[in-house]
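This one's a predicted model, so the numbers in the text were calculated from it and none came from an experiment.
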Amino acid sequence: MNTNDNAPARQSARARCRHLASAIVATTMGIAAATSPSAAIAQERSAPSADVRYKTVTVDGINIFYREAGDPAKPTILLLHGFPASSHEFRTLIPLLSSRFHLVAPDYPGFGFSDAPSEARFAPTFANLTNVMDRFVQAVGLTRFTIYMQDFGGPVGFRLAMAHPDMVDGLIIQNANAYEVGIAPDVLKDMRTRAGGPLNAKASAALEGMLSPGGTKFQYLTGVRDLANVDPTSYRLDSFVQALPQQHRIQRALIVDYYDNVRQYPAWHAYLKARQPKTLILWGKNDPIFLPAGADAYSADLPKAEVHLLNTGHFALEEDAEVAAKHILRTFGE
């Protein structure tokens, strides 16, 4: 089933979460918040579902930061973020779901507030990234969960699901591609070029553009209904992290490795066709990188999956966290 959702998010809930995000970033990173941190935190604490905890667990010597909310006795959703984001991507969604679910949202190595380990400790490939997340899941004691996957979360989530199919209750897929038809042709061409060997000057410059503040801002703002809906904390935090040398190296290497995920698509399709996990697909239909055709393509392997095209961009939760929460609660909250 395919629908278009254009309903606006409720402003009060979104504003409350945005104030909290600004307060957290200001306190942790020294960035000036747009509002009083003490007032924002007090306001968020007054909400009954605002029970987010900020934790760190060590996995193979790497400190992995994660957000956790809700009762661990309730169904778990593992939230896997995209590039160049972090668990901060889910800051608005988590409070909307925490009364009904147990939510765990890690930052990958080299992203957000997790360590950026040396090459000797962590070679940046999607296979190795998944290995770290696999051990993270074990370290925090998750045994059954639904995976929310966005962008980079797709390659990590599909690898996890294939490695542990009996642990996965379902999939929430949000602008996470698994079909070549869903990748913009010029982007797919660049992926193949990067996978082919050493980059020439033009390809290297294009890659650095993706990792620049302008490239990050482009991903957040392209295709949104209203620029004023997007909290600038999001792309500025990502840009701050990307500018750090070790984080930059890791994220650049993962972009170079991305075409390996395309090679895995047939295996992912076989998994979906054989296992038929309960699946909800939420897609910012104005995404210039992962096209809405990628959302529709899942129906070939998952005929029972719901597909909802949202009138927004790549980071759909910036505008439509309320809409996403509504569909998640209806599909997985019963």
Give a yes or no answer on whether the side chain of Arg100 reaches the backbone of Leu97 with a donor-acceptor pair at less than 3.5 Å.
no
Within-4.5 Å side-chain heavy-atom neighbours: Met210 and Phe218
no
State, without any angle test, whether Tyr265 and Asn177 hold a side-chain donor-acceptor pair at a distance under 3.5 Å.
yes
With no hydrogens and no angle check, is any side-chain donor or acceptor of Trp268 less than 3.5 Å from a backbone partner on Tyr179?
no
Any ion pair linking Asp190 and Arg192 (charged N to carboxylate O, less than 4.0 Å)?
no
Any sub-3.5 Å donor-acceptor pair from Thr58's side-chain atoms to Gly61's backbone N or O?
no
Is the distance from the ring center of Tyr66 to that of Phe136 below 6.0 Å?
yes
Less than 3.5 Å apart, any donor N or O on the side chain of Ser234 or Asp231 sitting next to an acceptor on the other?
no
Do Gln242 and Thr216 get their side chains close enough for a donor-acceptor pair, meaning under 3.5 Å?
yes
Determine whether a donor-acceptor pair (N or O, by modelled atom type, separation under 3.5 Å) exists between the side chain of Asn175 and the backbone of Asp151.
no
Heavy atoms, side chains only, cut-off 4.5 Å: are Thr76 and Thr146 in contact?
no
Quick one: do Leu227 and Phe315 end up in the same hydrophobic cluster if we chain Ile, Leu, Val, Met, Phe, Trp and Tyr together by side-chain heavy atoms under 4.5 Å apart?
yes
NZ/Lys217: more than 12 non-hydrogen atoms of other groups inside 6.0 Å
no
Might you point out which heavy atoms bring Val168 and Ala161 nearest each other, and give the distance in Å?
CG2-CA, 3.8 Å
Side-chain contact, heavy-atom cut-off 4.5 Å: Met133 with Thr130?
no
Donor-acceptor list for residues 106-118 side chains, cut-off 3.5 Å, not counting sequence neighbours:
residue, atom, partner, partner atom, Å
Asp107, OD1, Ser87, N, 2.7
Asp107, OD1, Ser87, OG, 2.6
Asp107, OD2, Phe113, N, 2.8
Tyr108, OH, His81, N, 3.2
Tyr108, OH, His81, O, 2.6
Ser114, OG, Phe65, N, 2.9
Ser114, OG, Asp107, O, 2.7
Asp115, OD2, Asn63, N, 2.9
Asp115, OD2, Asn63, ND2, 3.3
Ser118, OG, Arg121, N, 3.4

Residue set satisfying salt bridge (Lys or Arg N to Asp or Glu O under 4.0 Å) with Asp226, at least two apart, ordered chain then number -> none
OG/Ser99 to CG/Asp51 distance, rounded to the nearest 0.5 angstrom?
9.0 Å
Donor-acceptor pair, distance only, cut-off 3.5 Å: does the side chain of Ser239 make one with the backbone of Arg236?
no
Can Glu306 and Lys278 be counted as an ion pair, charged N to O under 4.0 angstrom?
no
With distance as the sole test, does Thr125 use its side chain to make a donor-acceptor pair with the main-chain N or O of Asn128 at under 3.5 Å?
yes
Roughly how far apart are Leu302 CG and Thr279 OG1, rounded to 0.5 Å?
4.5 Å
Tightest non-hydrogen contact, residues Glu119 and Pro124, listed as OE1-CD, 3.4 Å
Nearest non-hydrogen partners of Glu319 and Asn311, listed with the distance:
OE1-O, 4.1 Å
Just verifying a value: how many Å separate Asn286 CG and Thr222 OG1, rounded to the nearest 0.5 Å?
10.0 Å
Hey, is Arg252 close enough to Asp257 for a salt bridge, meaning N to O under 4.0 Å?
no
Take Leu282 and Ile173 through the side chain to side chain contact (heavy atoms under 4.5 Å, CB included) test and state the conclusion after the steps.
CA-CA 6 Å; Leu282 307 171; Ile173 299 172; over 6 Å; no
Measure the OG-CZ distance between Ser204 and Arg194 for me, rounded to the nearest 0.5 Å.
10.5 Å
Where do Val307 and Leu280 land on the side chain to side chain contact (heavy atoms under 4.5 Å, CB included) test, with the steps shown first?
CA-CA 6 Å; Val307 181; Leu280 172 65; over 6 Å; no
Please report the shortest heavy-atom distance between Met191 and Tyr259, naming the atom on each side.
O-CB, 3.6 Å
Between Phe145 and Val137, is there a side-chain heavy-atom distance shorter than 4.5 Å?
yes
My understanding is that only residues two or more places apart in sequence, or in another chain, count here; which of them pass salt bridge (Lys or Arg N to Asp or Glu O under 4.0 Å) with Asp169?
Arg144
Closer than 3.5 angstrom, by distance alone: can the side chain of Gln264 be matched with the main-chain N or O of Pro155 as a donor-acceptor pair?
no
Side chain proximity check, Leu254 to Phe83, heavy atoms < 4.5 angstrom:
no
Taking C-beta and beyond as the side chain, do Pro165 and Tyr271 meet within less than 4.5 Å on heavy atoms?
yes
Side chains of Arg159 and Asn261 only: does a donor on one sit below 3.5 Å from an acceptor on the other?
yes
4.5 Å side-chain heavy-atom contact, His327 and His308
yes
Heavy-atom nearest pair, Ala203 first then Thr193, reads CB-CG2, 4.5 Å
So His102 and Leu142, side chain to side chain contact (heavy atoms under 4.5 Å, CB included) or not? Walk me through it.
CA-CA 10 Å; His102 173 224; Leu142 303 186; 3.9 Å; yes
Output the distance between atom CG (Leu79) and atom CG (Leu93), rounded to the nearest 0.5 Å.
6.5 Å
Please find the pair of heavy atoms, one from Leu309 and one from Ala295, that lie closest to each other, and give the distance.
CD2-CB, 4.0 Å
So, Asp320 and Lys326, do they make that salt bridge, N to O below 4.0 Å?
no
Quick one, Arg135 with Asp60, criterion side chain to side chain contact (heavy atoms under 4.5 Å, CB included). Give me CA distance, side-chain angles, the key distance, then yes/no.
CA-CA 8 Å; Arg135 290 190 282 275; Asp60 294 342; 2.3 Å; yes
What I want to check is whether the side chains of Asp238 and Tyr220 have a donor and an acceptor closer together than 3.5 Å.
yes
Please confirm whether the ring centroid of Phe101 lies under 6.0 Å from the ring centroid of Phe332.
no
Given the rule that I, L, V, M, F, W and Y join up when any side-chain heavy atoms are under 4.5 Å apart, are Val256 and Tyr258 in one cluster?
yes
Once rounded to the nearest 0.5 Å, what's the spacing between atom CD of Gln150 and atom CD of Glu89?
4.0 Å
Measure from the side-chain N and O atoms of Gln247 to the backbone N and O of Ala243, and report whether any donor-acceptor pair falls under 3.5 Å.
no
Does either side chain, that of His164 or that of Gln138, offer a donor lying less than 3.5 Å from an acceptor on the other one?
no
Closer than 3.5 angstrom, by distance alone: can the side chain of His248 be matched with the main-chain N or O of Leu211 as a donor-acceptor pair?
no
Transitive ILVMFWY side-chain link Leu291 to Leu188, under 4.5 Å
no
Close side-chain approach of Ile328 and Tyr148, heavy atoms under 4.5 Å
yes
Distance-only, no hydrogens or angles: does the Lys285 side chain make a donor-acceptor pair with backbone N or O of Ala293 under 3.5 Å?
no
